[in-house]
*Asks:* 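Would you mind keeping the following structure in view while I ask a few things?
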Amino acid sequence: MNLFASKDDLIRWIGELLKEHIVIAPVQVQEQTLFQPISKAEEVVFDFNNTTLSPKGWFLPPTETLFSVQKDDGKVELVPTQVERDAVIFGLHPCDARGIALMDKPFLEEPSDTLYRERRNRTALIGLACRQAQPECFCTSMGSAPDDPSNVDILLTEVEDGYIVQVVTEKGKTLLPKGLAEYKGKVPAPPELKAVPTREVISAMRELFNDPYWEQVADRCLHCNICAYVCPTCYCFDMRDYADKGKVERVRSWESCQSPGFSLTAGGYDPRTTKGERLRQRFYHKLFYFPEQFQDVACVGCGRCVRDCPVNIDIREVISNLQQVTEAKSGS
Amino acid sequence: MDKELIQQIRDKARNLLEEGTVEGVIGYERASDGVTSRPLFVYNPSDTERLIYDETCAHNLVKYLLDKKGKKMAVVVKPCDSRAINLLLNEGQIERDNVFIIGVGCPGMVETNWNHKSETLQAKCRTCQLSKPVVYDFLAGGEIERQAEEETYSDITEEEAKSVATRRGFWLEQFGHCIRCYACRQVCPGCYCPVCFAERLDPLWLGIRIAPEENDMWQTIRSFHLAGRCIGCNECERVCPVGIPLSLLNRKLEKDVKELFAFQAGLDPEEKPPFATFKKEEVMEFEK
């Protein structure tokens with residue numbers, strides 16, 4: 001059943017949620033929109049293009065302490081970081097919700113990642129359907145849609161005088177405010193998106209590992225980590241032990257296959273030293289290794305990498321080029 | 001787009017490739033959004049038709065010469081970018097004989113985002129007075145007279161007038177946004193250490209925490225490494241995905257070096273940079 005909430009209802013609702021939860025929502029920080037914990041409902045931005053960073057950072061923070069070491073009476077104890085409060089991510093777009101569902105696969109598969117699992121269990125997702133698509137959006141080609149409710153607990157859809165509130169899960173039901181009326185109007189049609197044909201990409205990837213194409217694209221790649229850090233499904237990290245002023249802890253931070261040294265082994269050997277090899281790794285992880293292991297392509301079509309790459313390495317173009325290279329090969 | 005200028009670039013690129021003078025040409029082509037531009041590497045004469053040049057061609061292509069060491073390459077170079085060539089020559093990173101510089105005059109680059117170009121000139125272009133590249137082998141389109149629209153260091157002087165506490169607060173907040181994607185380093189023609197201090201494990205200069213204090217350390221050391229070396233292309237600020245105003249740091253150091261040593265990086269291919277030279281008669285005040 002669909003319910004209806006006016007904007008004021010939503011603001012009151014967020015206020016209610018804040019009493020018992022950490023609420024993470026899109027807020028304006030200088031020129032960017034970012035998902036951040038809010039302190040009052042009025043901070044929330046409702047009308048936004050995809051945020052600079054995806055909300056994955058709530059589950060896999062840019063930096064977090066996994067555990068600290070405590071010494072007591074000669075005894076050494078490892079104290080894991082505790083997830084202390086329930087949280088709600090408010091206003092995430094369906095593509096970002098799918099990003100979280102994809103991150104679940106490696107992180108929740110046994111042996112699961114403790115901190116990720118705890119945060120995931122204690123976080124509800126209130127999605128916001130997209131009423132407009134940006135030119136870089138291609139979620140419908142990547143298993144989602146601007147109005148896809150499948151990876152959230154509640155989905156909001158903006159209509160003329162307020163929002164349709166679609167309760168998707170039991171968890172969603174427990175978050176609902178009291179007194180919302182039933183919505184009997186029409187559900188607006190989602191915006192149309194330009195399709196990116198992904199047909200045969202995985203099988204193409206199987207054949208193209210040694211293709212000179214990768215060196216060609218890598219020519220202009222700068223090997224920064226922007227694409228990986230803005231991506232809702234890139235989840236590589238590094239870990240290091242810190243010992244500062246008697247405090248010892250193990251820290252985990254984002255890292256990316258584009259970094260020099262990412263694949264450097266202890267013996268000094270690096271299997272991926274060239275730009276082409278590093279660039280290829282990211283696309284192989286998304287379009288081949290991940291689907292081989294977890295069935296889905298590790299891309300949600302949010303368009304962030306397309307939008308933010310300083311040298312316009314456009315994953316849609318890469319997919320299309322791979323198809324062309326394969327066709328040319330099979331034709332010759 | 002200046003069609004005549006673009007034709008000159010294409011013709012020159014085609015000649016260089018056909019004659020075998022260079023292995024490749026680094027220039028610009030239209031990006032996938034149909035609005036902005038992106039770097040293009042041309043190896044086949046037929047691909048020279050993809051080359052373009054307009055007010056969205058902000059990328060400093062000189063950085064790519066470091067990836068192509070030992071190969072003969074041509075590169076399309078704007079006046080500001082040309083200073084990077086002198087920097088790399090000064091520092092022995094490239095060989096002049098290996099580089100064919102296709103210089104272009106510059107009307108100023110506009111602010112761009114994916115799928116969007118504005119009418120506003122980039123800040124660095126509002127203070128630019130270079131009518132042509134400081135070094136080139138061929139000049140496409142001729143010189144374009146530039147009148148600086150703004151005073152070069154007015155914003156720096158404003159910053160300098162603020163209290164240390166205010167500036168510290170401002171920068172800690174800015175560095176709080178940093179995600180350590182290292183795009184600033186990767187795009188910078190002056191950042192070419194085989195192993196960056198940020199990745200060195202022994203000695204360990206910098207941790208992996210993406211957090212204000214360590215980000216602060218990263219940005220501070222990086223800007224000091226560029227003191228007297230930054231050529232002002234401002235690519236670091238342009239590519240920063242979180243909008244940190246890095247040019248304030250770089251230009252503050254540029255201003256200091258100019259005042260102390262009467263030196264600006266990349267203007268002269270022969271003059272040794274102040275931090276790469278030592279004169280016995282130099283006595284710093286702290287030594288008195």
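Every value quoted in this text rests on a predicted model; they were computed, and no experiment measured them. In what follows, every chain begins at residue 1, and chains take the letters A, B, ... in the order their sequences are listed.
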*Asks:* For A:Asp47, does the CG atom have more than 12 heavy-atom neighbours from other residues, nucleotides or ligands under 6.0 Å away?
*Replies:* no

*Asks:* Which pair of non-hydrogen atoms, one from B:Tyr64 and one from A:Asp219, has the smallest distance, and what is that distance?
*Replies:* CE2-O, 3.3 Å

*Asks:* Give the member of A:Gly303, A:Pro61, A:Pro260 that has the highest number of heavy-atom pairs under 4.5 Å with chain B.
*Replies:* A:Pro260

*Asks:* Check the surroundings of atom CZ in B:Arg168: do more than 12 heavy atoms from other residues, nucleotides or ligands lie under 6.0 Å from it?
*Replies:* no

*Asks:* If you round to the nearest 0.5 Å, how far is CG of A:Asn225 from CZ of B:Arg185?
*Replies:* 8.0 Å

*Asks:* Given that the side chain runs from C-beta out, which part of A:Glu136 has a heavy atom under 4.5 Å from chain B: side chain, backbone, both or neither?
*Replies:*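 Looking at A:Glu136, backbone and side chain both touch chain B.
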
*Asks:* Contact part of B:Val242 toward chain A, heavy-atom cut-off under 4.5 Å: side chain, backbone, both or neither?
*Replies:* both

*Asks:* Check the surroundings of atom CD in B:Glu95: do more than 12 heavy atoms from other residues, nucleotides or ligands lie under 6.0 Å from it?
*Replies:*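 Atom CD in B:Glu95 is not crowded, with 12 or fewer foreign heavy atoms closer than 6.0 Å.
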
*Asks:* Is chain A contacted by the side chain of B:Ile26, its backbone, both, or neither, given a heavy-atom distance below 4.5 Å?
*Replies:* neither

*Asks:* Quick one: CZ on A:Arg220 to CD on B:Glu29, what's the gap to the nearest 0.5 Å?
*Replies:*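 So the CZ of A:Arg220 and the CD of B:Glu29 are separated by 6.5 Å.
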
*Asks:* So which heavy atom on B:Ile208 is nearest to which on A:Met239, and how close?
*Replies:*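 Closest heavy-atom pair between B:Ile208 and A:Met239: CD1-C, 3.9 Å.
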
*Asks:* Is chain A contacted by the side chain of B:Leu201, its backbone, both, or neither, given a heavy-atom distance below 4.5 Å?
*Replies:*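 Side chain only.
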
*Asks:* For each of B:Lys63, B:Arg238, B:Gln174, tally heavy-atom pairs with chain A at distances under 4.5 Å, and name the one with the top tally.
*Replies:*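 Answer, by heavy-atom pair count under 4.5 Å with chain A: B:Gln174.
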
*Asks:* Kindly check if the number of other-residue, nucleotide or ligand heavy atoms within 6.0 Å of CD (B:Glu18) is above 12?
*Replies:*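 Above 12, so yes.
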
*Asks:* Please report the interatomic distance CD(B:Gln186) to OG(A:Ser259), rounded to the nearest 0.5 Å.
*Replies:* 8.0 Å

*Asks:* So how far is it from A:Thr63 OG1 to B:Asn215 CG, rounded to the nearest 0.5 Å?
*Replies:*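 Rounded to the nearest 0.5 Å, the OG1-CG separation comes to 8.0 Å.
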
*Asks:* Nearest heavy-atom pair of A:Asp314 and B:Ser32: which atoms, and what distance?
*Replies:*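 Closest approach of A:Asp314 to B:Ser32, heavy atoms only: OD2-OG, 2.6 Å.
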
*Asks:* Output the distance between atom NE2 (B:His59) and atom CG (A:Asn312), rounded to the nearest 0.5 Å.
*Replies:* 7.5 Å

*Asks:* Counting only heavy atoms closer than 4.5 Å, note whether A:Asp241 contacts chain B via side chain, backbone, both or neither.
*Replies:* neither

*Asks:* If you count heavy-atom pairs under 4.5 Å with chain B, which of A:Leu34, A:Leu264, A:Val230, A:Val306 comes out on top?
*Replies:*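 Option with the top pair count is A:Val306.
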
*Asks:* What part of A:Val29 gets within 4.5 angstrom of chain B, counting heavy atoms only: side chain, backbone, both, or neither?
*Replies:*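 Contact with chain B: side chain only.
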
*Asks:* Out of B:Gly243, B:Gly207, B:Ala58, B:Cys184, return the one with the most heavy atom pairs under 4.5 angstrom to chain A.
*Replies:*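 Most heavy-atom pairs under 4.5 Å with chain A: B:Gly207.
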
*Asks:* For chain B, find which of A:Lys275, A:Glu31, A:Glu64, A:Gln134 contributes the most heavy-atom pairs closer than 4.5 angstrom.
*Replies:* A:Lys275

*Asks:* Taking all non-hydrogen atoms of both residues, which atom of A:Tyr229 and which atom of B:Ile179 are closest, and how far apart?
*Replies:* CE2-O, 3.2 Å

*Asks:* When you look at CZ of B:Phe224, are more than 12 heavy atoms from neighbouring residues, nucleotides or ligands closer to it than 6.0 Å?
*Replies:* no

*Asks:* Count the heavy atoms belonging to other residues, nucleotides or ligands that lie under 6.0 Å from NZ of B:Lys69, then report whether that count exceeds 12.
*Replies:*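 It does: B:Lys69 NZ has more than 12 such atoms within range.
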
*Asks:* Output the distance between atom NE2 (B:His177) and atom CG (A:Leu53), rounded to the nearest 0.5 Å.
*Replies:* 11.0 Å

*Asks:* Are there more than 12 heavy atoms of other residues, nucleotides or ligands under 6.0 Å from atom CD of B:Glu49?
*Replies:*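 Correct, the count exceeds 12.
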
*Asks:* Is it the side chain or the backbone of A:Asp238 that comes within 4.5 Å of chain B heavy atoms, both, or neither?
*Replies:* both

*Asks:* A:Cys224 and B:Ala183: which non-hydrogen atoms are nearest, and at how many Å?
*Replies:*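 Distance-wise, the nearest heavy atoms are CB-CA, 3.4 Å.
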
*Asks:* Test salt bridge (Lys or Arg N to Asp or Glu O under 4.0 Å) on B:Arg38 and A:Glu317 and set out the steps.
*Replies:* CA-CA 14 Å; B:Arg38 69 184 184 192; A:Glu317 195 181 358; 2.7 Å; yes

*Asks:* What's the shortest heavy-atom distance between B:Trp114 and A:Arg316, and which atoms?
*Replies:* CH2-NH2, 3.5 Å

